[in-house]
Amino acid sequence: MTTTDTVTQPVIKLHNTKTRKKEVFTPIDPENVRMYVCGPTVYDRAHLGNARPVVVFDVLYRLLRHVYGADHVTYARNFTDVDDKINARAAESGRAIGEITAETTQWFLDDMGALGALEPNHMPRATEYIPQMVAMIEDLITKGHAYAAEGHVLFAVDSWREGYGKLSGRSVDDMIAGARVEVAPYKKNPMDFVLWKPSSDDLPGWDSPWGRGRPGWHIECSAMADDLLWKRPLEEGKLSENALKFPHVIDIHGGGNDLMFPHHENEIAQSCCAHGNEVFAHYWLHNEMLQVEGKKMSKSLGNFFTVHDLLDQGIPGEVIRFVFLSTHYRKPMDWTEKKAKEAEKTLRKWYAQAAEALSGRQPELHVVELLADDINTHGVLAECHQYSQAGDVAALRSSMELLGLLGDDVPDWVKTPDVDLSAHETRLFEARQTAMESKDFSEVDRLKTAYMDAGLEVRMSKTGVELVPGPGFDPAKLDEI
Ligand code: AMP
Ligand code: ZN
């Protein structure tokens, strides 16, 4: 939509972490809305929790594009490809760092693509931004906000006591009392954080005024956001008169709420102090964390899995997206198998209905209004349920498209018939129990082959049998078994 269109657009309201209130979203320049979201550290497959901010901010990106026009929104999300976790992974595996980060980056894009996430306009990698980070650090030193000590450069929180801690609502003194901060002899204040650190010869490093080293984690986001969302549009003459009144300021900054402190607090300190500003982003948005079956996802609890694991088990990306959208982004979200099963059933029905409608129709204004009310995705899903019940396939389809649940085509997995396979699973399980006693496995082998011929994947464990339809599943063949 361009500004010449007369179609009424809803007011977007967003909960701003900075003020702890839901506020009307007013972009600096409606012709060029600018959003930055912190991206992944690329050393391994993205776990399911990592996908939550991707989906949440993808929905916001879609909403902004809908309201301001696809060409009037710029979204940047970084890849952290310099990090000690990556170095450790390389040392353990004997593989080159560049190989690990390139592979993991592509995995991330593939997995998030499967969840229906659009790619941001810019996806900068930290290693491409070393000169900009060095320049920003030099600037911070010149302005008295940072100091070099023993090959490190540290941000001096005491140089910005008035601003540091405002986002998370803590004073520097509270933080010192409550935080497990690394006390190092070269730090003037224990809360001072690293902008640059020395690298030994076996670690990635770049020449700098402070010797060979590598950046601290936080500085990349400050450097990239400024380059891609301020400097570049400025050079390209894309900033309006109003935007020029807010130098270096962006509209929206997002990420998981685990990043609020210290990462976002530190980004704000760096950006504001480097640019002599009081504001880095007007709106700060944070998604709550994801849990699994009511518990924190963790390797030790055995409930840790990646997006790829789920896709590999045959759970479609749309189903994962649907489950995510059914919980508001500011509430903890619980991933359960039951929800995934229900989501699949609902989506099968909706896709069958939506297939009868044309794609690309404008969504109902009141559906957009629902979504514009602090990204109320579950409200839009409730509306979809009503459209489905009423048989309003056009409104159903356009609402699903707004949520990113449907593109031009209904996904292939929906075309796989939904057949109850439990009787076949029991049959194979019982055949195996019998075979264990008789030691004659011919019937088990016969059944397995027949199920595979019908396009089913056969999964047998000690406790049971699972038959999973694959792409070529033909239920008619089951009758002959
Ligand atoms: P990381 O690679 O750990 O820096 O995390 C990348 C993104 O995933 C950040 O925006 C985190 O806030 C987010 N994230 C990590 N764990 C979870 C979780 N369990 N639930 C939701 N978001 C998460
Ligand atoms: Zn960041």
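Whatever order the structure lists ligands and atoms in, that order sets their numbers, starting from 1. Each residue takes its place number in the sequence, starting with 1.
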**Asked** Is Arg170 positioned over the aromatic face of Phe261, cation under 6.0 angstrom from the ring centre and no more than 45 degrees off axis?
**Response** yes
**Request:** Could you check atom 11 (C) of ligand 1 against the protein and tell me its nearest heavy-atom contact, residue, atom and distance included?
**Result:** Asp258 OD1, 3.4 Å
**Message:** Can you name the atoms of ligand 1, numbered from 1 with element, that are less than 4.0 Å from a heavy atom of Asn287?
**Reply:** 21 (C), 22 (N)
**Request:** Run the contact test for Thr80 against ligand 1 with a 4.0 Å cut-off on heavy atoms, strictly below, and give the result.
**Result:** no
**Asked** For atom 2 (O) of ligand 1, what is the nearest protein heavy atom, given as residue, atom name and distance?
**Response** Thr41 N, 3.4 Å
**Output field: ring centroids Phe79/Phe108 closer than 6.0 Å** = yes
**Asked** Any luck finding a side-chain donor-acceptor pair between His264 and Asn266 under 3.5 Å?
**Response** no
**Asked** Short check: any N/O/S atom of Cys221 below 2.8 Å from the Zn ion (ligand 2)?
**Response** yes
**Complete:** If you scan protein heavy atoms around atom 13 (C) of ligand 1, the nearest is Pro53 CG, 3.8 Å
**Request:** Go through Glu92 and Arg89 one step at a time and tell me if the salt bridge (Lys or Arg N to Asp or Glu O under 4.0 Å) criterion holds.
**Result:** CA-CA 5 Å; Glu92 263 157 49; Arg89 187 54 61 95; 3.4 Å; yes
**Message:** For ligand 1, which is the ligand I care about here, please tell me if Gly49 has any N or O atom under 3.5 Å from one of the ligand's N or O atoms.
**Reply:** yes
**Prompt:** Any idea which protein heavy atom is nearest atom 3 (O) of ligand 1, and the distance to it?
**Reply:** Asn50 ND2, 4.2 Å
**Message:** Ignoring hydrogens and geometry beyond distance, is a side-chain donor-acceptor pair present between Thr306 and Asp309 at under 3.5 Å?
**Reply:** yes
**Asked** atom 16 (N) of ligand 1: which protein heavy atom is closest, and how many Å away?
**Response** His47 CE1, 3.3 Å
**Message:** With ring pair (Phe, Tyr, Trp, His ring centres under 6.0 Å) as the test, pick out the partner of Phe280 among His248, His275, His253.
**Reply:** His253
**Polar proximity ligand 1 side, Leu290 side, N/O cut 3.5 Å exclusive** = yes
**CD/Gln313: more than 12 non-hydrogen atoms of other groups inside 6.0 Å** = yes
**Message:** What I want to know is whether Asn257 and ligand 1 share at least one N or O pair that is separated by under 3.5 angstrom.
**Reply:** no
**Within-cut-off N or O pair, Lys85 and ligand 1, under 3.5 Å** = no
**Item:** Heavy atom of Met333, distance to ligand 1 below 4.0 Å
**Value:** no
**Prompt:** What do you reckon, are the aromatic ring centroids of His263 and Trp217 less than 6.0 Å apart?
**Reply:** yes
**Asked** How about His263: does one of its N, O or S atoms come closer than 2.8 Å to the Zn ion (ligand 2)?
**Response** yes
**Request:** With Arg65 as the cation and Tyr61 as the aromatic partner, state whether NZ or CZ is under 6.0 Å from the six-membered ring centre and within 45° of the axis.
**Result:** yes
**ligand 1 contact on Leu48 by region, counting heavy-atom pairs under 4.0 Å** = neither
**Prompt:** Does any N, O or S atom of Glu267, backbone or side chain, fall under 2.8 Å from the Zn ion (ligand 2)?
**Reply:** yes
**Message:** For the residue pair Thr101 / Asp81, report whether a side-chain donor-acceptor contact shorter than 3.5 Å exists.
**Reply:** no
**Prompt:** Considering only protein heavy atoms, which is closest to atom 17 (C) of ligand 1, and at what distance to one decimal place?
**Reply:** Met289 SD, 3.5 Å
**Prompt:** What is the closest protein heavy atom to atom 9 (C) of ligand 1, and at what distance does it sit?
**Reply:** Leu259 CD1, 3.7 Å
**Message:** Are Phe155 and His218 an aromatic pair, judged by ring center distance below 6.0 Å?
**Reply:** no
